[in-house]
Protein chains: 2
Amino acid sequence: MPRVTIEVLAERLGLSTASVSYALNGLPGVSATTRTRVLELADELGWRPNVGARALSRARADAVGLLLPRGAEDVGAEPYYMALLAGIESGLAEAGTALMLRFVPDGADLAVYREWHAEHRVDGVFLTDLRIGDPRPALLDRLGLPYLVHSGHRIADGWRFGQELETSLLIDHLAGLGHRTLLHVAGPQTLVHEQERIQEVRRACVAAGIALTTVEADYTHEGAAEVVRAAVQRGPDVSAVLCGNDPMAIGCVRALREAGREHRVAVVSWDDSVLCETSFPSITALQRQPYETGRESARLLLSGLSGSWREPEPSSARLVIRETSVPA
Amino acid sequence: MPRVTIEVLAERLGLSTASVSYALNGLPGVSATTRTRVLELADELGWRPNVGARALSRARADAVGLLLPRGAEDVGAEPYYMALLAGIESGLAEAGTALMLRFVPDGADLAVYREWHAEHRVDGVFLTDLRIGDPRPALLDRLGLPYLVHSGHRIADGWRFGQELETSLLIDHLAGLGHRTLLHVAGPQTLVHEQERIQEVRRACVAAGIALTTVEADYTHEGAAEVVRAAVQRGPDVSAVLCGNDPMAIGCVRALREAGREHRVAVVSWDDSVLCETSFPSITALQRQPYETGRESARLLLSGLSGSWREPEPSSARLVIRETSVPA
DNA sequence: CTGAAAGCGCTTACAG
DNA sequence: CTGAAAGCGCTTACAG
């Protein structure tokens, strides 16, 4: 079938392509009746702008990029990312903006940003998993490519993730169950938000009179099982464990089971998902609404692209209490 | 910084933009030395084609689309999809083709294909989860938008998914453990590959002398738990269960646990993931290499886009034996 | 082997 | 309120 372009519309209506363009884009410069005629014909013929042509003339891609930096296996293991992805995409789709998704091996990310920029592929990008000394913001600033750090807000010398509320939900819950000894299995300390969490957890434990031990693991269930195993052997009096994500919470429960203590030690996870829900025993977890926060991130980036960065909505995490919420 | 375009390159080299274009695209029409000079300068200045301009003049988007039709929750629950996504993207990236990803509510998919086509957003699309009487192939044929049914191959009147090998891996394993009674918890029978599986499983069970009961569930752990619970109450002699995906396998194990039989009944899952790996007891599952099959699908679609559909490689699933592989 | 020119389908000053 | 025209950055017959 012949492609329907604005020229086709213009010819059939006896107008110039300029008028048709003004009409289609809701710009002044055409009478109300002309506009209606244009819109009706466009609708009837199923006209849609050729994205290439529009991108070229507007010097805008109407697309934004997201790089998932970790190996496919890790990302697949965390349902959090799929929900986040779906949320981001849904927020973008409402504005007619496309999502460019790439999974890149460690270290290849900077090259992709340069490529995207040079090719005019994207108007902006999302950043997740900000690391200490992360080179990405500096590169993007230099390129002039707008970006949004997911869940972050800018402070003088970096980014904050505002996890005070989440921390108190978790710690207050454990304190309320009577726990006075906590093992915090944190994620990689190369991540800014994980360092921030450690500080927050420390503060909350001091306030709640909880003795805290912090260990680091790599976000995998194996890694977490290992550190929990070691901790249980070292001090069999551990009464509660806080895990940085859901695979680690699963690994933790497994290590506790090996020690015959899976129904005696409280476990809470910083992320919720079907993993926590279907675990045995099922795991109390922070429901952080990745789908909703993804939508919010999309709206924020879009606001920035159209000239004025909006303030982020406060996060609305809630705790889902399950079987691992055992008293001390 | 000023955009580097082929015009910039042409000026600096004292050439026409045509020659520069020929050189950059490896086309005949320029001398070897000219080509080298062009490529070197392009590299030095970091030139990359403006995708909008290229799409417009070539009438090609250099992008393909993938719609994930189910709600974000369901998709997030199945790690299979994230790995598939990563594989597809990685296969496309090697050819410089972008992936357009959309999560659409039921029924909205056809409109998106029309949109993509009219906007020249994509050169082709992937189809997953083909349904009985699925309207998508007909629409895409009509639009002239090339498509690939993931894991499928075309037969006279539809598509086949070639699951004989996978079926025998599963059934032979259970037969080898001495099981003679099988409950098959199949996924939605609206899906072509699920109907095909039922046939294959039936055939394999007849061959192996296994008495088969087939029930349908909705790919969720709750749904599977319910049907397994009912089956166990009806006939407490069920000795093995085959589940259509990993969340259902988890639900099955839970239902068996409620009946105190989780260490007595064999469970195998048609998909593997961290869910099966970390379950207690851990679940024997078919490792279907979604990342690799995703890459293969990408290569196949790309081959079709460049004019000649390649034959798919045979699938290379293998069974990962775990704790639920208990003898009869 | 190289260059001048038209064209892809839009947008957008500018003149009427 | 409307139209003729240039321009976005490429590609590609066509003529030299």
Side-chain angles (χ1 to χ4, degrees), chain A residues 1-39 41-42 45-63 96 115-123, chain B residues 1-39 41-42 45-63 96 115-123:
Chain A
M1 52 188 110
R3 292 300 185 184
V4 26
T5 65
I6 59 169
E7 189 167 350
V8 171
L9 300 179
E11 259 171 31
R12 308 242 318 212
L13 293 167
L15 293 169
S16 70
T17 58
S19 299
V20 171
S21 175
Y22 292 138
L24 291 168
N25 289 297
L27 295 174
V30 285
S31 66
T33 57
T34 303
R35 188 185 306 279
T36 311
R37 290 175 59 221
V38 171
L39 291 175
L41 185 63
L45 301 186
W47 176 87
R48 301 242 77 203
N50 176 313
V51 286
R54 182 168 269 186
L56 186 57
S57 56
R58 286 190 178 170
R60 232 179 47 200
D62 283 320
E115 228 178 80
W116 277 351
H117 177 254
E119 293 179 349
H120 285 67
R121 278 250 188 219
V122 299
D123 302 317
Chain B
M1 50 190 110
R3 294 301 185 182
V4 25
T5 65
I6 59 168
E7 191 167 350
V8 172
L9 300 180
E11 260 172 30
R12 306 240 321 209
L13 294 168
L15 293 169
S16 71
T17 58
S19 299
V20 172
S21 174
Y22 291 139
L24 290 169
N25 289 296
L27 296 174
V30 284
S31 66
T33 58
T34 302
R35 189 184 306 279
T36 311
R37 288 174 59 218
V38 171
L39 290 175
L41 185 63
L45 300 186
W47 176 86
R48 301 241 77 204
N50 176 314
V51 287
R54 181 168 269 185
L56 186 57
S57 56
R58 286 191 178 168
R60 232 179 46 200
D62 283 319
E115 229 179 81
W116 277 352
H117 176 253
E119 294 179 347
H120 286 65
R121 279 248 189 221
V122 298
D123 302 317

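Chain A is the first sequence line, chain B the second, and so forth, proteins listed ahead of strands; every chain is numbered from 1. All heavy atoms count here, side chains included; hydrogens, waters and symmetry mates do not.
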Arg54(B) has its side chain closest, among dT12(C), dT11(D), dG9(C), to dT11(D)
For the side chain of Ser31(B), counting heavy atoms from C-beta on, which of dG7(D), dT2(C), dC10(D) is nearest?
-> dT2(C)
Does dT2(D) have OP1 or OP2 sitting under 4.0 Å from an N or O in the side chain of Thr34(A)?
-> yes
N/O (side chain, Thr5(B)) to phosphate O (OP1/OP2, dG9(D)) under 4.0 Å | no
Whole angstrom value for the distance that separates P of dG9(D) from NE2 of His120(A) | 7 Å
Quick one: Ile6(B) CD1 to dG7(D) C1', roughly how many Å, whole number?
-> 14 Å
Relative to the 5' end of DNA chain C, which residue comes earlier, Ala53(B) or Val30(B), by the nucleotide with the nearest heavy atom?
-> Val30(B)
Kindly point out which of dT12(D), dT11(D), dG9(C) is positioned nearest to the side chain of Ala18(B)?
-> dT12(D)
Are the side chain of Ser57(B) and the backbone N or O of Ala53(B) linked by a donor-acceptor pair below 3.5 Å?
-> yes
Rounded distance in Å - CZ (Arg48(B)) to P (dC10(D)) | 11 Å
Please determine, for the side chain of Arg58(B), which listed nucleotide (dT11(D), dG9(D), dG7(D)) has the closest atom?
-> dT11(D)
Does a side-chain N or O from Ser21(A) land closer than 4.0 Å to OP1 or OP2 of dC10(C), or not?
-> no
Could you check if a side-chain atom of Leu39(B) sits within less than 4.5 angstrom of a side-chain atom of Thr36(B), using non-hydrogen atoms only?
-> no
Taking only side-chain nitrogens and oxygens of Ser57(B), does any of them come within less than 4.0 Å of OP1 or OP2 of dC8(C)?
-> no
In whole angstrom, what separates Leu9(A)'s CG from dT2(D)'s C1'?
-> 17 Å
Residue Arg12(B) excluded, over 12 heavy atoms near CZ under 6.0 Å = no
Could you walk me through whether Val30(B) and Leu15(B) pass the side-chain contact (heavy atoms from CB on, under 4.5 Å) test, one step at a time?
-> CA-CA 11 Å; Val30(B) 284; Leu15(B) 293 169; over 6 Å; no
Rounded to whole angstrom units, what separation is found between the CD atom of Glu119(B) and the C1' atom of dC10(C)?
-> 13 Å
Atom-to-atom span, CG of Leu56(A) to C1' of dG7(D) - whole angstrom | 9 Å
Lys/Arg-Asp/Glu bridge criterion (N-O < 4.0 Å) met for Glu115(A), Arg48(B) = yes
State, with a plain yes or no, whether a side-chain heavy atom of Leu56(B) is found less than 4.5 Å away from one of Asn50(A).
-> yes
With the side chain defined as heavy atoms from C-beta on, Leu27(A) is closest, among dT12(C), dA4(C), dT11(C), to dT12(C)
Whole-Å distance between dG9(C) P and Asn25(A) CG?
-> 17 Å
Glu7(A) CD - dT11(C) P separation (whole Å) = 14 Å
By nearest-heavy-atom nucleotide on DNA chain D, the more 5' of Tyr22(B) and Pro49(B) is Pro49(B)
dG3(D), dT11(C), dG9(D): which one has an atom nearest the side-chain heavy atoms of Leu15(A)?
-> dG3(D)
Kindly point out which of dC8(C), dG3(C), dC10(C) is positioned nearest to the side chain of Asn50(A)?
-> dC10(C)
Counterpart base for dT2(C), defined by Watson-Crick or G-U wobble contacts under 3.5 Å | dA15(D)
